[in-house]
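Report on the following structure.
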Amino acid sequence: MPELPEVETIRLGLQKYLIGHKIVSVQIRVPKIFIGSVKQVVGAKIIGLKRIGKGLIIELNNNFVLAVHLKMTGQLVYRDEKTKRLALSVKTGGEKLPSKYSHLILVLDNGAFLYYNDLRRFGWIKAIRKDQLMQMPFFKEMGPEPFKDLTLEKFKEIIFKSNLVIKILLMDQKRIGGIGNIYANDALFEAKIAPTRKVRSLSSEEIKKLYEAILDVLRKGLEYGGSSDENFVNALGQEGNYQNHTLVYGREKEPCKNCKTLIKKIKLGGRGTYYCPACQK
DNA sequence: GTGTTTGTTATCAA
DNA sequence: CTTGATAACAAACA
């Protein structure tokens with residue numbers, strides 16, 4: 001489940017290797033993954049990497065971009081002569097790349113490959129004109145992001161405008177960009193707020209605590225190189241480590257890190273939700 | 001064969 | 001029209 005820290009980890013990795021290189025060819029093995037025309041991409045040079053929420057943008061020098069969404073199990077793995085000796089995580093779906101999950105491959109002018117792997121094939125890569133990118137509903141409707149334009153004031157404003165359950169609000173990309181299930185659960189634990197609370201019931205103190213907790217867990221996610229609980233790997237095919245440091249996510253029936261009460265798992269909006277019934281009020 | 005997983009979009013009710 | 005709640009969808013695996 002690549003969320004903001006995971007996509008940012010990939011972006012930082014790819015940035016080191018892709019910039020300045022020309023795309024020589026595109027191999028499409030699963031057509032539905034790629035939207036647009038290959039012609040708009042082949043021959044273009046990669047000049048930048050951006051992230052918008054959980055979306056990754058590969059900027060080209062011909063007024064086009066490749067917009068990527070990894071959904072649940074997408075990966076972008078770079079391999080060249082120097083990096084191909086690095087051990088690949090088993091999560092890439094095979095010892096060698098391309099694996100049976102490599103649905104799209106970019107070939108670069110230095111002989112390197114960028115593999116798009118996706119076990120469940122939910123993700124997509126779209127070639128689109130730069131000036132049309134922000135017209136795509138997914139990007140156009142993206143809410144403000146932590147570390148970017150989501151100030152505490154803005155966060156309060158968003159909260160006062162809604163009457164959702166807090167965890168649902170945190171994960172709503174149109175309200176706040178980049179937070180998914182892992183970090184929503186952990187931020188609520190850190191702020192000691194029950195995921196089922198209606199946002200209107202939150203005190204301004206609680207909102208502030210939650211705001212800081214969001215920044216804190218996202219920062220930790222980044223520091224640990226993302227969470228590889230599922231299929232996430234970084235740009236070199238290596239796992240992150242946040243999954244070993246989650247506060248409550250994925251810890252059903254394990255003792256709470258504060259009070260040893262067993263972590264509960266419930267469903268909220270159809271999603272797995274973990275919390276400490278004693279600490280989170 | 002069934003249930004489970006999540007990010008996103010579609011649909012429906014109020 | 002808006003908001004919120006819920007269903008559906010993508011695909012694979014235990």
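Each chain gets a letter, A, B and so on, in the order the sequences are listed, and its residues count up from 1. As the structure is a prediction and not an experimental result, all values here were calculated from the model. All values below were derived from every heavy atom in this structure, side-chain atoms included, with hydrogens, water molecules and symmetry-related copies excluded.
Within 4.0 Å (heavy atoms only), A/D118 reaches no atom of the nucleic acid at all. Heavy atoms of A/K265 sit under 4.0 angstrom from primed sugar atoms or phosphate atoms, though from no base atom. Nucleic acid contact for A/G123: none, since no nucleic acid atom lies under 4.0 Å from a heavy atom of the residue.
Between A/E230 atom CD and C/dA14 atom C1' there is a gap of 13 Å when expressed in whole angstrom units. Protein atom CG of A/N231 is 13 Å distant from nucleotide atom P of B/dT6, rounded to whole Å. In this structure, A/H103 atom NE2 and C/dA12 atom C1' are separated by 10 Å, rounded to whole Å. Counting to the nearest Å, the P atom of C/dT3 and the CG atom of A/D172 are 11 Å from each other.
Remark: the A/R120 side chain and the B/dT6 base include no donor-acceptor N/O pair separated by less than 3.5 Å.
With side-chain heavy atoms closer than 4.5 Å counting as contact, directly or through intermediates, the hydrophobic cluster containing A/M72 also holds A/F122. Through direct or relayed side-chain contacts under 4.5 Å between Ile, Leu, Val, Met, Phe, Trp and Tyr, A/F139 connects to A/I35, A/I52, A/I57, A/V65, A/W124, A/I128, A/L133, A/M134, A/M136, A/F138, A/M142.
Side chains of A/R51 and A/K148 form a contact here, defined as non-hydrogen atoms less than 4.5 Å apart. The shortest side-chain heavy-atom distance between A/L108 and A/D80 does not fall under the 4.5 Å cut-off.
For A/R175 and C/dG4, the shortest distance from a side-chain N or O to OP1 or OP2 is below 4.0 Å. Phosphate contact (OP1/OP2 of C/dG4, side-chain N/O of A/S162, threshold under 4.0 Å): present. Considering only side-chain N and O atoms, A/Y249 lies nowhere under 4.0 angstrom from the phosphate OP1 or OP2 of B/dT5. Taking side-chain N and O atoms only, A/K267 has no distance below 4.0 Å to OP1 or OP2 of B/dT4.
For A/F122, counting side-chain heavy atoms from C-beta on, the closest listed nucleotide (C/dA12, C/dA11, C/dG4) is C/dA11. Side-chain proximity of A/M72 to the nucleotides B/dT6, C/dG4, C/dA10 is greatest for B/dT6.
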Given A/T273 and A/K167, is the side chain to side chain donor-acceptor pair (under 3.5 Å) satisfied, shown in steps?
CA-CA 9 Å; A/T273 301; A/K167 185 183 172 237; 2.8 Å; yes
When you check every protein heavy atom under 4.0 Å of nucleotides 8-14 of chain B, what one-letter string (B, S, -) results, 5' to 3'?
BS-----
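The ring of A/Y183 has its center closer than 6.0 angstrom to the ring center of A/Y242.
Side-chain atoms of A/N185 come within 3.5 Å of backbone atoms of A/N181 as a donor-acceptor pair (strictly under, hydrogens ignored).
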